[in-house]
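Here's the structure, in structure tokens; my notes come after.
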Amino acid sequence: MGPITTTLWIGTAIMVLGLLAFLALMVKAPAANRSFFSATSLVALIAATSYFAMATGHGSVLIGGRVFFFARYIDWVFTTPLLLLDLALLAVPSITARAGTVATLIGADVYMIITGLIAGSINDPTKYIWFASSTIAFVVVLYILLVQLFGDARNRGGSVGRLFGNLSLLTLILWVCYPIVWLLGVEGFRVLPLTAEVVIFALLDVVAKIGFGFILLTSSVISGREAMTVRPATSSM
Ligand code: RET
């Protein structure tokens, strides 16, 4: 088994373990905070599925002699909106009160991944037009997250504001790495060999999904060890 397949199997195992840990944490969680556990567990499940597909050779195709892991984008198109939903649920007491903002956030995010998928599957220079479109949508996502939702979270004050601050900073740092690795990797300028790209994406995916999930779900705000201040509007969704 080569280093790429080994990495993909390790990725699968970590995502499955993360899923089991999140489900175990959900059992003890206050009912009002269950949405965070369901959304984050679904992120781990989808990632485990995608890594399994890639490890077994069913998540990639050859395009002009280069391996293209299309399964990543199927993963990201579902998991990045779910991660953003976690952050939005944290920032606003009721998602419905910010329905327009959250819809724009998730719409821009889905556009970012779909245009990224097209960019990744093209072998001529028009791919950079798709890359640029994707990047513009990424800037919109970051703006809504770091300016609009951050403002909402700060207004909620205390530990919710602090948790949102930490998680959105982690999100900013990790998510910015994705287009950079993509550009340096085999989809872009080929500075990184495929093995390095697969390893770096696996590390990013584990921290952005499982690391993020642990920080969120074990926080006193969400796990219920603190007087409940977060009430996602699950009943009105
Ligand atoms: C692509 C290439 C085109 C330009 C941009 C990209 C951004 C991808 C991002 C992915 C985030 C993934 C996460 C996954 C799992 O947790 C599609 C690489 C802007 C931001 C966080």
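Note: hydrogens, waters and symmetry copies are ignored here, and every other heavy atom, side chains too, is used. All values reported here derive from a predicted model rather than from experimental measurement.
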Is [X] isolated, or which residues cluster with it under the ILVMFWY side-chain rule of less than 4.5 Å, directly or via members?
X    : answer
L203 : V199
V16  : L20
W9   : M1, F52

Review point. Which pairs count as side chain to side chain donor-acceptor pair (under 3.5 Å) when at least one residue sits in residues 36-45, sequence neighbours excluded?
Key: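 Those involving residues 36-45 are T40-D86.
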
Practice item. Could you name each residue pair satisfying side chain to side chain donor-acceptor pair (under 3.5 Å) that touches residues 161-174, not counting sequence neighbours? Key: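 For residues 161-174, and leaving out neighbouring residues, there are no side chain to side chain donor-acceptor pair (under 3.5 Å) pairs at all.
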
Point to revise | S121 side-chain N/O to I118 backbone N/O, donor-acceptor pair under 3.5 Å | key: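 Answer holds: yes.
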
Check your understanding: Ignoring hydrogens and geometry, is there a side-chain-to-backbone donor-acceptor pair from E197 to V186 under 3.5 Å?
Key ->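 Flag set: sc E197 to bb V186 pair under 3.5 Å.
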
Exercise for review: I would like to know whether D75 and M54 meet side chain to side chain contact (heavy atoms under 4.5 Å, CB included); could you show each step before the answer?
Suggested key: CA-CA 11 Å; D75 169 334; M54 294 193 287; over 6 Å; no

Under the side chain to side chain donor-acceptor pair (under 3.5 Å) rule, collect the residues that match up with [X], sequence neighbours excluded.
X    : result
S50  : none
R66  : N123
T104 : none
Y73  : W182

**Study point:** Atom CZ of F150: over 12 foreign heavy atoms under 6.0 Å
**Key:**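 It does: F150 CZ has more than 12 such atoms within range.
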
Review point. Does any pair with a residue in residues 187-208 pass ring pair (Phe, Tyr, Trp, His ring centres under 6.0 Å), and if so which ones, sequence neighbours excluded?
Key: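 Every ring pair (Phe, Tyr, Trp, His ring centres under 6.0 Å) pair that includes a residue of residues 187-208, provided the two are not neighbours, is W76-F201, Y128-F189, Y178-F201.
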
Nearest 0.5 Å please: distance from the [atom1] atom of [X] over to the [atom2] atom of [Y].
X    : Y    : atom1 : atom2 : answer
D205 : I200 : CG    : CD1   : 12.0 Å
L42  : K209 : CG    : NZ    : 11.5 Å
L142 : W175 : CG    : CH2   : 8.5 Å
L90  : L85  : CG    : CG    : 11.0 Å
F37  : L217 : CZ    : CG    : 4.5 Å

Exercise for review: Report the C-alpha distance between L105 and L149 in whole Å, list the side-chain angles of each, state the deciding distance to 0.1 Å, and finish with yes or no for side chain to side chain contact (heavy atoms under 4.5 Å, CB included).
Suggested key: CA-CA 10 Å; L105 174 70; L149 291 183; 3.9 Å; yes

Per-pair distances, 0.1 Å, donor-acceptor, side chain in residues 129-140, under 3.5 Å, sequence neighbours excluded:
residue: S133; atom: OG; partner: I129; partner atom: O; Å: 2.8
residue: S134; atom: OG; partner: M112; partner atom: O; Å: 2.8
residue: T135; atom: OG1; partner: F131; partner atom: O; Å: 2.8

Check your understanding: Are T49 and F78 close enough, and set up right, to give a side chain to side chain contact (heavy atoms under 4.5 Å, CB included), and what steps lead you there?
Key -> CA-CA 12 Å; T49 310; F78 294 111; over 6 Å; no

Can you see which heavy atom on [X] is nearest to which on [Y], and at what distance?
X    : Y    : answer
Q148 : T101 : OE1-CG2, 3.3 Å
D109 : P81  : OD2-CD, 3.2 Å
S60  : V67  : CB-CG1, 3.9 Å
S35  : L89  : CB-CD1, 3.9 Å
S223 : P30  : O-CD, 3.4 Å

Path from [X] to [Y] over hydrophobic side-chain contacts below 4.5 Å:
X    : Y    : result
L17  : L216 : no
L183 : F68  : yes
V27  : I222 : no
Y111 : I74  : no
F212 : L82  : yes

Side chains of [X] and [Y]: closer than 4.5 Å at any heavy-atom pair?
X   : Y    : value
F36 : V221 : no
Y51 : R72  : yes
L23 : L19  : yes

Practice item. Only pairs at least two apart or in different chains count here, so list each salt bridge (charged side-chain N to carboxylate O under 4.0 Å, His left out) that has a residue in residues 87-98. Key: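 Matches after skipping sequence neighbours: R98-D152.
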
Point to revise | Reference residue T79; test side-chain contact (heavy atoms from CB on, under 4.5 Å); the match among I113, I46, L84 | key: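 Per the side-chain contact (heavy atoms from CB on, under 4.5 Å) rule, the option paired with T79 is I46, out of I113, I46, L84.
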
Practice item. Could you give me the CA-CA distance, side-chain angles and deciding distance for I215 and L163, then say whether side chain to side chain contact (heavy atoms under 4.5 Å, CB included) is met? Key: CA-CA 9 Å; I215 296 174; L163 179 62; 4.3 Å; yes

